[in-house]
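Note that the structure is predicted; figures quoted are calculated from it, not measured. All chains are named by letter (A, B, ...) in the order of the sequence lines, taking the proteins before the strands, and each is independently numbered beginning at 1.
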Amino acid sequence: SPQTKGAGQDPASLAPAASLSSHRATVEHGFPSQPSALAYDPVLRVMAIGTKAGAVKLYGAPGVELTGLHKETATVTQLHFLPGQVGVCGWLLSLLDDNTLHLWEVCQKDGCSHLEETRSFGLPGRPGCSPGITRVTVVLPMSSCAVACLGTEGGAVYFLALPTLVLLEDKTLFPDEILQSVPDEYRCGKALGPVESIQEHPRDSSRLLIGYSRGLVVLWEQSTRVVQHLFLGNQQLESLAWEQSGKSIVSSHSDGGYMVWAVSGAGQKTQQPVMSTIPYGPFPCKAISKILWRTCESGNPFIIFSGGMPRASYGDRHCVSVLQGQTLATLDFTSRVIDFFTVQSPEVAEGGFENPRALVVLVEEELVAIDLQTPGWPTIPAPYLAPLHSSAITCSCHVSNVPLKLWERIISAGEQQSPRLSSAAWPIDGGKNLAQEPTQRGLLLTGHEDGTVRFWDASGVSLKPLYKLGTAGIFQTDCEHNDSLNQAGEEEWPPFRKVGCFDPYSDDPRLGVQKIALCKYTAKMVVAGTAGQVLVMELSDEKSEHAVSVATVDLLQDREGFTWKGHDRLAPRNGPLPFAPGFQPSVLVQCVPPAAVTAVTLHSEWNLVAFGTSHGFGLFDYYRRNPVLASPSRSPCGSRSAASARAGCRARRGSTPACPPPQVQEANAQLAEQAGPPEVEMTPVQRRIEPRSADDSLSGVVRCLYFADTFLRDAAHHGPTMWAGTNSGSVFAYALEVPSQEKFSERAVEAVLGKEIQLMHRAPVVAIAVLDGRGNPLPEPYEVSRDLAKAPDMQGSHSMLISSEEQFKVFTLPKVSAKTKFKLTAHEGCRVRKVALVSLASASSEERLENCLACLTNLGDIHIFTVPSLRPQVHYGCIRKEDISGIASCVFTKHGQGFYLISPSEFERFSLSARNVTEPLCRLEVARLQDTSCLRWDVSQGQGGFAMAASLYPHPIAPAPAITSLCVSFQQQLDGDAEAAASQRYPRPAQPRGTTLPYRQ
Amino acid sequence: MNRPHRGAAGSRGLGTMEVKSKFGAEFRRFSLERSKPGKFEEFYGLLQHVHKIPNVDVLVGYTDIHGDLLPINNDDNYHKAVSTANPLLRIFIQRKEDADYSAFGTDTMTRKKNVLSNVLRPDNHKKKPHIVISMPQDFRPVSSIIDVDILPETHRRVRLYKYGTDKPLGFYIRDGSSVRVTPHGLEKVPGIFISRLVPGGLAQSTGLLAVNDEVLEVNGIEVSGKSLDQVTDMMIANSRNLIITVRPANQRNNVVRNSRTSGSSGQSTESSLPSSTPNIVANFLQGEEESDEEDIIIEDNGEPQQIPKAAPTSESLESLTQTDLLHESTQNGFLPSSEVNLNHSAGSISMEYEVQDPGHKSLEEDGTIITL
């Protein structure tokens, strides 16, 4: 909820920004963290995913997304759509690991669909029995939609009325009842074990197939309570499936085998299956946890199962096998298989075929769809649920209002990258997207640990992958990085096929992308990485083979007595290299020492790229391919730089500025002294209070770089300038001599240090911006010349906004004097993490813009200030303050939105603007008979019967605020995070296999 | 160059005041306009001028109505001297190098004679060296207890001046809890406490803070409801001029006021309710912005300079230009002796406008604080 600050202030001054914005989280992009359950509704053509955090997410056609969250934070272990029939659909049953069942309902509100929990149910324990006995192992909503069967650990099957969730106690089927029909020699006095599977007969809904863990499978007539058929299996049962005609069943077992059994008339006992096989035998295999049988018109039925791999040789693989006749594909995933389903028509006529269109597999880190109707079973590209973290995200950057031409070129480059994908339409296409077409094209770029940059279409609700740029190929790395796994030998058994793109293993941590800058008008891009590499790239529609020119820039200027003890620079490959259409590197600049790049900026009009590390900053003319400037970012003091070199090679520590190692040692020494007296209580957490010192080993980290055409030396002449801000509160401003366009090749760019500012509070400089005579931020390069922005006011005097971690300050230019300031940390006790200069457009007139400063703090709050007067306006809680990686990952867009990672694989999108909101608005047609909705009212006495009335009372619609759009126009989206900057410098050990990487902090 | 003075004859008129200045064995008499005494620096220049000692550093003193010899070294005590002089302002000037600081003092009647004799015959009376009283620009604030008059006696507001010392602030804070009187009776509430003082640090050497003192405010902002990390950040952000309001763990050394109602804010001194503190308007807040540290700029590889405040209005510009002019007269050194014809009846002289030598102007601006 927004809180307005500065009650004593003139209310008029508060009005603009305070009334403009509202803050809310709008949509989650990417792949849900820790999925744990999957379900599919063939009628609605909607898929549901449950997570360990208790979230339930429905996905249909792109843009159709519904989200619900259980009140309990428990793992969703099972999800089941109530079988859709005419009149009733859109009900979803979830089972949590606390053994409660929850009924969810798709309800309509203001014309849009929402997911709401309507009831919950807990199976009561049986007196005198351990509570584990009634743990639900299997849930089957019957196609009549009136009853759900619950199989339990104790072997009993309970029946639950739907949708009231009232237990039908007299109908419970205890294992004793079944055992009466079981021959004595099979019984052997042993229990049947937990219920492993319950499957409804595909043709006769009163008959249930019940499988017990011990291996017994029973076909049971529910209405007459008669056992119709006994299948006396002797292998421990894992799952059961019907053949769709109801004439056979298939059972899968813990030994890695499956059996096909014939179903015949009543009163039968079958000892032996028709067929029994261990597909990956003969050596011991792991269990087949789930099996499906799908008939197919074109030939043999599909048998699809998960697991069953040979224990010794491939026991660690996560596989789903698809078998059709003699054709077998072993789909090899990089993470654990959660569940899978096939997509086919919901109604199959008598004697017809199921003809599955696609197989959809949910694994722990991604969702993969396989086209079963195209030979070779290619993958169908998913329009959502993109595994953002296929390699850990190391940085991100948002480009708004992308010109159509660049957009099309990027899409075309992306399409040429993945020719092996299926052209089939995305099979899960239920629901209708009601959201308006995005008004502009937004591009989200993510840098990854493996050296790739991924381009995402962030214009709408679903984040679509567009293009992937790899930089690893430019360097010599230990391991040749290509898709060699896909070219496995033909003879290999099992016939593994690598699917999915989740690949958390980085060949070389030095490849990690730290900073990205893209000029959307010239399609030039800079990608900078962990080993001090700065790549200048250009978009080309043709493939090319060329050599990348390499330049080395010594940021320490051969300082005496310095030895770098960190990682080596990345050795570039020699000679011409082939490049696919897309962004192709033209120049590689390598910083010396090869510390991680901490800031980068690009000016495509001046052909300049500026970059900074923990040691200094440089300026490079990529047109002439010449370094213009290289400067250490701290005073030349031998001992200090040596200390920084040591810090550079030290393993990353969780040290904060408040508690650096020397102080820890001191504190420990103190504690040792106190150890004597026995009354020493638990040592409390202490914080040392000391001003920031210039000797901090991180003081040289360059935090931000900025280009501006402004007045640096005198008020009469403006010209190109470059600004650099460091971790110790220093700002360096250079006047640049940039030749005119025609003379680029003749004359070199020159840089002269014009000003050096030291902020006395020495807090890291997070961002720098120059404001024109009207107080507006200067436009981006080419924005004015292409008529996309108003020319800046060069008549009035410019001013400069410097944001440190503690304060915002505005100074005049060219004569530097302090104009206004706001001491955020002194007032609020929070520090600045991210900053963006925003301008607020009033609703009455789009022309009138108010500049504001949006700031994300280390407490996860977003504050908004006026510019240049720096008056606090309003603030919102946005991210939990404990979510350090979320705060570190936040980027603002130019239009009042933002993104931050809520898990390694998911971006939360939020909106600060009341008008510019990207959120799912969709409708699922769940035509429901009047009387079924009445059911929601008449039962409230049942166990756990919740009547959720919220859906009946639509929330009042908030009145539209006066100011309706919020534009961010501050390109420095920097990691406002000292720890972040610190950790970027430290070489990280290669990540062990099998761990997911958190967002770099 | 010597401009005619207005009202030369009527020197004893209502607006003027006679000044009798003594340097060594020489006396000078002149008069000043009582309503417009000007600045100390002008007066100092005037004295150097009339005594023909343009380049001699001197100490200026005057005798007040009690006969005490008091220093004049800034605008405030200069104006005090002018306003209290009745009818004559007696000025005593000593060379700085052989000044006798003990001559200045407050307990006067008994030493009156000596004072004068000391001043008159400084060589006869050798004294041990004394602490130099610096000029105002050299003054440095020191750590102190402030706002005693407005705070409850149970609280103490401490101003720690880090500026100008090499000592570390030298303390640590921790989370803790204290028992408070609340509307619901006694309650344990979380608080922030000083956990440790570093030996030799500023906090310990001033003796104003102690371990287990509860921190209530940092630079006027309450810490209740803030986390230890937030309070740490606030303190570090204010570390150059840190004002901490504490409830001392040791309540026996509290400042006891004579009148319980004398506090300007009328706060109950007994109150330890948390709600009693925030309403107090702290005195220091007014001067806070001014006392703030200033950032430094180096232009074109020149010398580091403090970044001035941007002039907000034209009126302040005016006052600044005036200051510049005043500087000129103070630093302007030499006048031909023929012009030093300062008859005491010469009347009220606006000396500051008398001499304008543009040649010195550039020199002037160097090293001074304000150049706009």
If you count heavy-atom pairs within less than 4.5 Å of chain B, which of [options] leads?
options: A:Ser730, A:Cys830, A:Pro691; value: A:Pro691
options: A:His827, A:Lys819, A:Arg713; value: A:His827
options: A:Leu859, A:Val731, A:Ile757; value: A:Ile757

Heavy-atom closest contact ([X] atom, [Y] atom, distance):
X: B:Leu160; Y: B:Phe171; result: CD1-CE2, 4.0 Å
X: A:Phe865; Y: A:Cys855; result: CE1-CB, 4.4 Å
X: B:Arg157; Y: B:Ile243; result: CG-CG2, 3.6 Å

For A:Thr812, is it the side chain, the backbone, both or neither that has a heavy atom under 4.5 Å from a heavy atom of chain B? side chain

So for A:Glu806, is it side chain, backbone, both, or neither that comes closer than 4.5 Å to the heavy atoms of chain B? side chain

How many angstroms lie between CG in A:Asp772 and CZ in A:Phe711, if you round to the nearest 0.5 Å? 10.0 Å

Does B:Glu41 pair with B:Lys39 as a salt bridge, N-O distance under 4.0 Å? no

Checking B:Ile173 against chain A: side chain, backbone, both or neither under 4.5 Å from a heavy atom? both

For the residue pair A:Phe617 and A:Phe732, does the interplanar ring angle fall in the parallel (under 30°), tilted (30 to 60°) or perpendicular (over 60°) class? tilted

Max heavy-atom pairs within cutoff under 4.5 Å with chain A, candidates B:Met234, B:Lys226, B:Met235, goes to B:Met234

